[in-house]
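Just so it is clear, the model here is predicted, and its values are computed rather than measured.
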Amino acid sequence: MAASQPIPAEELVAAVAPVRAWLAGEDEQPARAVVGAAVKTTARWLAQQVPGRSVELRVPPHVAVQLVPGPRHTRGTPPNVVETDAATWLRLATGALTWDDAVAGGKVSASGNRADLSAHLPLRPIR
């Protein structure tokens, strides 16, 4: 599916289902492609729910999306950046980890006055 097409809730739920046991510590990490699909789908879902270009969400090496209304950046590093690893992002997206705990624990790097995504997490269809 092209990134510009809306992601249906069913696709979001299906992308996360294969990683849930891993996120809960009940299974081994799935194949990189499976984790990558879950990360990309959840990040793009959030970007379609909170459209904009004032915050860049980075989950290397899987995805970087722009979201949140406000001033947009056009060149260089944006002033509002959120960066984390795949497991942390998926735990945030599913509600297994809170934003405050992730930031306090150093699992999320959030810079800029618009970089707090706590109001948008967890993603409603998969929490």
Side-chain angles (χ1 to χ4, degrees):
M1 176 174 282
S4 61
Q5 294 178 338
I7 298 168
E10 303 81 38
E11 185 177 329
L12 176 68
V13 171
V16 173
V19 300
R20 282 201 181 263
W22 167 58
L23 295 173
E26 300 167 355
D27 202 356
E28 304 251 338
Q29 181 172 340
R32 179 181 165 141
V34 173
V35 173
V39 169
K40 289 174 190 171
T41 304
T42 53
R44 290 177 179 157
W45 169 272
L46 181 59
Q48 88 184 13
Q49 300 307 307
V50 190
R53 294 186 162 268
S54 70
V55 176
E56 186 165 289
L57 168 63
R58 300 174 180 168
V59 186
H62 303 290
V63 72
V65 296
Q66 293 181 354
L67 58 152
V68 181
R72 71 181 279 187
H73 70 279
T74 56
R75 298 176 58 162
T77 301
N80 300 284
V81 176
V82 173
E83 188 165 341
T84 190
D85 63 275
T88 300
W89 168 248
L90 291 169
R91 287 184 179 108
L92 287 166
T94 60
L97 179 64
T98 68
W99 177 263
D100 290 340
D101 287 346
V103 171
K107 296 286 190 180
V108 169
S109 169
S111 64
N113 62 353
R114 295 178 182 271
D116 182 344
L117 299 180
S118 61
H120 311 295
L121 297 168
L123 304 181
R124 292 189 197 335
I126 57 173
R127 64 175 156 189

Does Q48 use its side chain to pair, donor to acceptor, with the backbone of I7 at less than 3.5 Å? yes
Hydrophobic cluster membership, with links at side-chain heavy-atom distances under 4.5 Å among I/L/V/M/F/W/Y: are V39 and W99 in one? yes
What heavy-atom pair brings [X] and [Y] nearest, and what distance separates the two atoms?
{"X": "P69", "Y": "S54", "answer": "O-OG, 3.2 Å"}
{"X": "P122", "Y": "A93", "answer": "CB-O, 3.3 Å"}
{"X": "V63", "Y": "A43", "answer": "CG1-CB, 3.7 Å"}
{"X": "A38", "Y": "A15", "answer": "CB-O, 3.4 Å"}
{"X": "A86", "Y": "V35", "answer": "CB-CG1, 3.8 Å"}

For A96, what residues pass the side-chain contact (heavy atoms from CB on, under 4.5 Å) criterion, not counting sequence neighbours?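 A96 satisfies side-chain contact (heavy atoms from CB on, under 4.5 Å) with R91, T94 only.
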With a 4.5 Å limit on heavy-atom distance, are the side chains of [X] and [Y] in contact?
{"X": "E56", "Y": "V65", "result": "no"}
{"X": "H120", "Y": "L46", "result": "yes"}
{"X": "L57", "Y": "L67", "result": "yes"}
{"X": "P60", "Y": "D85", "result": "no"}
{"X": "D100", "Y": "V103", "result": "no"}
{"X": "T88", "Y": "V108", "result": "yes"}

Kindly state each residue pair satisfying side chain to side chain donor-acceptor pair (under 3.5 Å) with at least one member in residues 16-42, sequence neighbours excluded.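 The answer is T42-W89.
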Look up atom [atom1] in [X] and atom [atom2] in [Y], then write down how far apart they are to the nearest 0.5 Å.
{"X": "W45", "Y": "R124", "atom1": "CH2", "atom2": "CZ", "result": "10.5 Å"}
{"X": "Q5", "Y": "R44", "atom1": "CD", "atom2": "CZ", "result": "11.5 Å"}
{"X": "R114", "Y": "N80", "atom1": "CZ", "atom2": "CG", "result": "7.0 Å"}
{"X": "Q66", "Y": "R53", "atom1": "CD", "atom2": "CZ", "result": "4.5 Å"}
{"X": "L92", "Y": "L97", "atom1": "CG", "atom2": "CG", "result": "4.5 Å"}

Can you list the steps and then say if V68 with L117 is a side-chain contact (heavy atoms from CB on, under 4.5 Å)? CA-CA 9 Å; V68 181; L117 299 180; 4.1 Å; yes
Report the residues that fulfil side chain to side chain donor-acceptor pair (under 3.5 Å) with S118, sequence neighbours left out, ordered by chain and then residue number. D116
Output, in order, the C-alpha distance, side-chain angles, deciding distance and verdict of side-chain contact (heavy atoms from CB on, under 4.5 Å) for R58 and V82. CA-CA 6 Å; R58 300 174 180 168; V82 173; over 6 Å; no
